[in-house]
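I have placed the structure first, in the form of structure tokens, so that the comments after it can refer back to it.
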Amino acid sequence: MSRENAEVVRRIYGALSRQDIEAALDECDDDMEHDWSRSVGPFKGIYRGRDEIRALWISFQEAVEEAAFELQEVIDIEPHVIAVVAVRIRGRGSGVEVVGVGAHVWTVDDGKASGFRLFQDKDDALEAVGMRE
């Protein structure tokens, strides 16, 4: 099952890189929680349900001209998937490009993402699911 869970997560990042919010949301439960409370960026907070998550990603898209999500590592720890992700963003208007690497913990139940937590690094993400390298 965890291989299938990882594929759900891969499809979400693919959709977000294409700026296809609806395709990303199709991979999520209706009541999913998207936890960006550990963000050091502008969208810090917790978003619940499709409407709040959609609004988050629309705000994100309005702020950036281009965003690409490159999966550097995917770790299956059922029911979680840890994704180590390099994100390249080009600001709308300024044209400034920013690159960062973070770790995301996804919870996948019955083929749908039901939870997302953002972490600044892989070690923190592993600790959050009870694993340490």
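Values below: all heavy atoms of this structure, side chains included; hydrogens, waters and symmetry mates excluded.
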Exercise for review: Check salt bridge (charged side-chain N to carboxylate O under 4.0 Å, His left out) between Arg92 and all other residues, then give those that pass, not counting sequence neighbours.
Suggested key: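 Per chain and number, Arg92 pairs via salt bridge (charged side-chain N to carboxylate O under 4.0 Å, His left out) with no residue.
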Check your understanding: With Asp26, which residues qualify under salt bridge (charged side-chain N to carboxylate O under 4.0 Å, His left out), at least two apart?
Key ->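 Counting only residues at least two positions away or on another chain, Asp26 forms no salt bridge (charged side-chain N to carboxylate O under 4.0 Å, His left out).
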Suppose we screen for side chain to side chain donor-acceptor pair (under 3.5 Å). Which residues come up paired with [X], at least two apart in sequence or across chains?
| X | value |
| --- | --- |
| Glu97 | Arg90 |
| Tyr13 | His104, Trp106 |
| Arg50 | Asp30 |
| Arg10 | Glu7 |

All side-chain contact (heavy atoms from CB on, under 4.5 Å) counterparts of [X], not counting sequence neighbours:
| X | value |
| --- | --- |
| Val87 | Phe69, Val85, Ile89 |
| Asp109 | Pro79, Thr107, Ser114 |
| Gln19 | Gln61 |
| Ala86 | Glu70, Gln72, Val101 |

Exercise for review: Hydrophobic side-chain clustering at under 4.5 Å (ILVMFWY, transitive links): who's grouped with Val40? Put none if nobody.
Suggested key: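 Members alongside Val40: none; it stands by itself.
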Check your understanding: Could you give all pairs that pass the salt bridge (charged side-chain N to carboxylate O under 4.0 Å, His left out) test and reach residues 37-47, with sequence neighbours left out?
Key ->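 Matches after skipping sequence neighbours: Asp35-Arg38.
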